[in-house]
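Numbering of ligands and ligand atoms starts at 1, following listing order.
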Amino acid sequence: MSMESFFNPKSVAVVGASRQKGKTGYEILAALVRGGFAGQIFPINPKAPEVEGLPCYPDLKSTPVKPELVVIVVPAPMVPGVMEECVELGVKSVVIITAGFKEAGEEGRKLEQTVVEIARRGGIRVVGPNCLGVMVPINKLNASFGGDLPGPGGIGYISQSGALLAAILDLARANEMGFSMLISIGNKADLNELDFIDAMAEHEGTKVIAGYLENITDGDQFVLHAERISRQKPILLMKSGGTGAGAKAASSHTGSLTGDEVAYEVVFERAGVIRCDSIRTQFDYAQAFAMQPLPKGPRVAVITNAGGPGIMAADAIEKAGLTFAKLTDASQERLAKCLPPSANIHNPVDVLGDALADRYQQALEIVLADEGVDTAIVLLTPQAMSDDKGTAQAVVDAARVHPDKCVLGCFLGAAKVAAGVKILRTGGIPQYDSPEAAVETIQVMCHYAAWKNRPKRVVKLFPVNRRKAERIIDRHLRRGLREIGEMDSKEILEAYGFVTPRGSVATTAQQAVNIADQLGYPVVLKIWSPDIIHKSDVGGVRVGLTSARDVTDAFDLMMYRIPRKMPNADILGVLVQEMCTRGKEVILGMSRDPHFGPLLMFGMGGIMVEVLKDVAFHLAPITAQEAKEMLVKTKTYQILKGVRSQEGVDVDAIAEGLQRLSQLVTEFPQIQEMDVNPFMVGPEGVTPVAVDARISVEGM
Ligand code: ADP
Ligand code: MG
């Protein structure tokens with residue numbers, strides 16, 4: 001569906017237009033008129049002859065032509081009636097500003113439902129209700145009560161909070177931020193964030209898609225669309241407050257470590273969405289993406305008129321993992337020729353405190369022409385001689401000569417640089433109020449560029465015994481069992497190519513000894529009961545048993561103690577298992593998010609996982625590259641690689657384990673949570689072993 005009618009309508013009707021200043025019905029109409037909208041405007045109000053100098057119509061059907069866009073401001077109970085009129089007239093695009101719907105309780109929720117039903121019946125698309133409206137600066141369309149239109153520009157903004165949008169608009173007007181459009185999506189009764197993200201992806205004037213969201217309506221679709229769109233345009237989102245949907249009673253370690261927050265983090269990473277944690281950072285990033293090319297690499301040069309800020313910038317560049325550019329000899333010679341002898345001709349280039357615009361311009365042109373520089377930050381402190389306006393213009397001009405290089409301004413101060421900052425921004429140079437903010441923005445741009453240029457995602461498919469896993473899962477579901485215990489879980493894992501320790505169940509001490517003799521010592525004894533999930537918590541795991549004697553004692557002790565601790569547990573016997581002696585314990589796990597699907601987890605294993613929380617997540621299905629990235633994100637990785645003289649483990653084997661797990665949980669949506677803990681990994685060439693596992697399932 002085309003959203004043109006929302007962005008560029010030929011005519012707009014305001015139902016509920018009012019003559020009373022301060023009322024929303026007045027403010028919207030006045031905003032439309034004041035904004036200079038070139039199309040026709042029809043105020044609808046049966047009681048008024050005219051509003052703001054425009055003739056008023058008693059109802060929609062009395063307008064001389066059918067309005068292309070209808071903005072509804074009447075009280076909530078009257079909205080369904082107006083919607084019916086729209087159906088009759090064949091209006092297709094409606095913005096409902098009115099509040100008092102879903103957000104106001106049960107009554108409102110029903111009313112909203114009614115509105116949606118009418119809209120569906122009439123093929124009408126609706127923005128809102130309970131929203132601030134729509135603004136499209138380039139078309140001088142201000143169908144909102146968010147105040148005056150900001151200037152036109154490359155940022156498209158979507159906000160789930162009208163109030164926040166009002167704050168953003170205020171900040172934007174004060175900072176010369178330009179927008180292609182601003183949409184307040186309100187209750188999202190019909191059109192939601194994804195509809196507008198899609199529309200902005202197609203919209204030529206929109207260079208950057210930014211927004212503030214409280215929740216995401218359709219998780220699966222969001223991931224798919226956002227991932228595709230991020231390849232063309234950056235998406236920058238602020239996401240606040242979890243809805244608690246992710247807060248479920250978790251029985252696995254993985255489940256207890258995931259939640260809404262983790263889900264959004266991995267989804268954004270996967271889809272290339274840039275997360276912003278404040279309006280400030282969102283602005284910082286958005287202006288650079290909207291006005292500057294992506295840096296071609298990590299090399300940053302700094303031009304400054306004072307030493308201190310130059311060093312601050314250099315520190316920030318290093319901390320951010322970027323490269324402090326080294327200027328070529330030729331560039332340095334050229335700089336030496338045009339700068340005073342005491343100037344610094346190395347990066348950071350110091351043009352000195354008495355620098356005027358010309359020195360800045362020459363220095364910046366030389367720096368930008370250097371093939372070893374991807375991005376330049378121009379710092380200015382307002383010293384006695386400084387010319388903020390002239391320098392700003394010089395920066396704008398020099399940057400135009402090198403449109404392929406990224407240039408960021410950082411004029412420090414306030415009143416003394418205000419005029420220069422304005423020239424920078426209107427001239428297409430983003431401005432930052434600290435070197436750190438500029439550097440952080442470059443870092444974000446480089447990260448996005450890397451995401452964009454990453455190789456095509458290829459998910460490896462392993463040959464597995466899917467049927468076998470299916471049989472075990474189905475059997476549990478048929479019996480109404482949600483938890484799959486260690487033995488069956490490990491069978492499922494084996495079907496997916498994991499190696500598990502050999503062993504079997506004994507019901508008597510003698511049997512246990514016989515099994516141990518066959519396996520060879522040392523062995524491990526584990527309590528075997530469908531009712532005991534965390535075996536060591538009840539003394540149900542004994543490792544390092546080296547003789548028949550040890551086995552008998554351990555068996556007897558477990559059989560004596562555990563039934564006293566857990567009188568209701570059904571104890572079926574004891575698992576006698578081969579002991580894995582070489583390796584480190586890690587955890588591989590999955591917890592299924594209700595909106596976004598399976599979240600894979602990797603971390604330091606064993607019993608400390610929930611204490612240390614050194615874990616990384618990724619949305620399944622996962623590629624080999626992504627599996628590796630998960631590992632590298634943890635501190636555990638450093639230990640696994642080998643510290644000092646310690647031997648490292650086979651990191652690729654862990655990555656393969658994650659990919660196999662990813663395939664399992666992708667092929668079986670019934671699996672809600674699972675832990676492979678520990679997954680015992682040895683040095684290169686030694687196959688890792690899934691020592692313990694548990695899976696919980698749910699019928700589809
Ligand atoms: P649970 O997690 O239910 O307490 P596990 O089977 O994970 O039980 O055992 C607890 C710990 O005992 C493991 O983290 C591991 O350190 C050790 N362990 C268990 N089985 C083995 C084995 N076969 N080889 C080596 N160590 C084991
Ligand atoms: Mg365990």
*Asks:* Looking at M579, which atoms of ligand 1 are within less than 4.0 Å of one of its heavy atoms?
*Replies:* 24 (N)
*Asks:* Of all the atoms in ligand 1, which lie at a distance below 4.0 Å from a heavy atom belonging to I533?
*Replies:* 3 (O)
*Asks:* Yes or no: does T581 have any heavy atom under 4.0 Å from an atom of ligand 1?
*Replies:* no
*Asks:* For H534, is at least one N or O under 3.5 Å away from an N or O on ligand 1?
*Replies:* no
*Asks:* For the pair K490 (side chain) and R694 (backbone), establish whether a donor and an acceptor sit closer than 3.5 Å, ignoring hydrogens and angles.
*Replies:*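 Side chain of K490 to backbone of R694, a donor-acceptor pair under 3.5 Å: no, none is there.
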*Asks:* Should E106 and R109 count as an ion pair when the cut-off is N to O under 4.0 Å?
*Replies:* yes
*Asks:* Compute the shortest N/O to N/O distance between E486 and ligand 1 and return yes if it is under 3.5 Å, no if not.
*Replies:*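 Between E486 and ligand 1 (N or O atoms, distance only) the closest approach is not under 3.5 Å.
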*Asks:* Which residue is it: R454, K456, K452? I am looking for the one with a salt bridge (Lys or Arg N to Asp or Glu O under 4.0 Å) to E227.
*Replies:*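 Only match with E227 under salt bridge (Lys or Arg N to Asp or Glu O under 4.0 Å): R454.
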*Asks:* Below a 4.0 angstrom heavy-atom separation, can you tell me which part of D537, side chain or backbone, both or neither, approaches ligand 1?
*Replies:* neither
*Asks:* Residues two or more places apart in sequence or in another chain: which of them pass ring-ring contact (aromatic ring centres under 6.0 Å, His included) with F289?
*Replies:* Y448
*Asks:* May I ask you to say whether D474 pairs ionically with R478, meaning some side-chain N is under 4.0 Å from a carboxylate O?
*Replies:* no
*Asks:* Return the minimal non-hydrogen interatomic distance between A509 and T552, and the atom names on each side.
*Replies:* CB-CG2, 4.0 Å
*Asks:* Are there any protein N/O/S atoms under 2.8 Å from the Mg ion (ligand 2), and if so, which?
*Replies:*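 Less than 2.8 Å away from the Mg ion (ligand 2) sit N677 O, D692 OD2.
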*Asks:* Can you list the ligand 1 atoms lying under 4.0 Å from a non-hydrogen atom of V691?
*Replies:* 19 (C), 20 (N), 21 (C), 22 (C), 23 (N), 27 (C)
*Asks:* Under 4.0 Å from any heavy atom of E578, which atoms of ligand 1 are there?
*Replies:*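 Counting atoms of ligand 1 from 1, those under 4.0 Å from E578 are 22 (C), 23 (N).
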*Asks:* Between ligand 1 and M680, can you find any atom pair, the residue atom being a heavy atom, that is separated by under 4.0 Å?
*Replies:*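 Yes.
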*Asks:* Using a strict 4.0 Å cut-off to heavy atoms of P678, name the atoms of ligand 1 that fall inside it.
*Replies:*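 Those qualifying, in numeric order: 7 (O), 13 (C), 14 (O), 15 (C).
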*Asks:* By the definition side-chain contact (heavy atoms from CB on, under 4.5 Å), identify the one residue from L572, V574, V538, I571 that meets it with S529.
*Replies:* I571
*Asks:* With respect to P621, which candidate in L461, V665, V459 satisfies the side-chain contact (heavy atoms from CB on, under 4.5 Å) definition?
*Replies:* V459
*Asks:* How does K526 reach ligand 1, if at all, at less than 4.0 Å between non-hydrogen atoms: by side chain, backbone, both, or neither?
*Replies:* side chain
*Asks:* Could you tell me whether R270 sits above the aromatic face of F268, with NZ or CZ closer than 6.0 angstrom to the six-membered ring centre and within 45 degrees of the axis?
*Replies:* no
*Asks:* Going by the atom numbers of ligand 1, which of them fall below 4.0 Å from some non-hydrogen atom of N677?
*Replies:* 7 (O)
*Asks:* Could you tell me if the ring centre of Y264 sits under 6.0 Å from that of F596?
*Replies:* yes
*Asks:* Run the numbers for me: atoms of ligand 1, each under 4.0 Å from some heavy atom of D692, listed by number.
*Replies:*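 Here the atoms of ligand 1 in question are 1 (P), 2 (O), 3 (O), 5 (P), 6 (O), 7 (O), 8 (O).
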*Asks:* Counting heavy atoms only, which part of K535 comes closer than 4.0 Å to ligand 1: side chain, backbone, both or neither?
*Replies:*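 Both of them.
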*Asks:* Do NZ/NE/NH1/NH2 and the carboxylate oxygens of K535 and E486 come within less than 4.0 Å?
*Replies:* yes
*Asks:* Taking the basic N atoms (NZ, or NE/NH1/NH2) and the acidic carboxylate oxygens, is any pair closer than 4.0 Å for E626 and R457?
*Replies:*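 The answer is yes: the pair qualifies as a salt bridge.
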*Asks:* Give the atoms of ligand 1, by number and element, whose distance to some non-hydrogen atom of V543 is under 4.0 Å.
*Replies:* 12 (O), 17 (C), 18 (N), 27 (C)
*Asks:* Quick one: does D593's side chain have a donor or acceptor within less than 3.5 Å of a partner on H595's backbone?
*Replies:*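 Looks like yes, one N/O pair under 3.5 Å.
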*Asks:* With a 4.0 Å cut-off, would you call E578 and K526 a salt bridge?
*Replies:* no
*Asks:* Using heavy-atom distances only, which candidate in V541, V676, T500 approaches atom 11 (C) of ligand 1 most closely?
*Replies:* V541
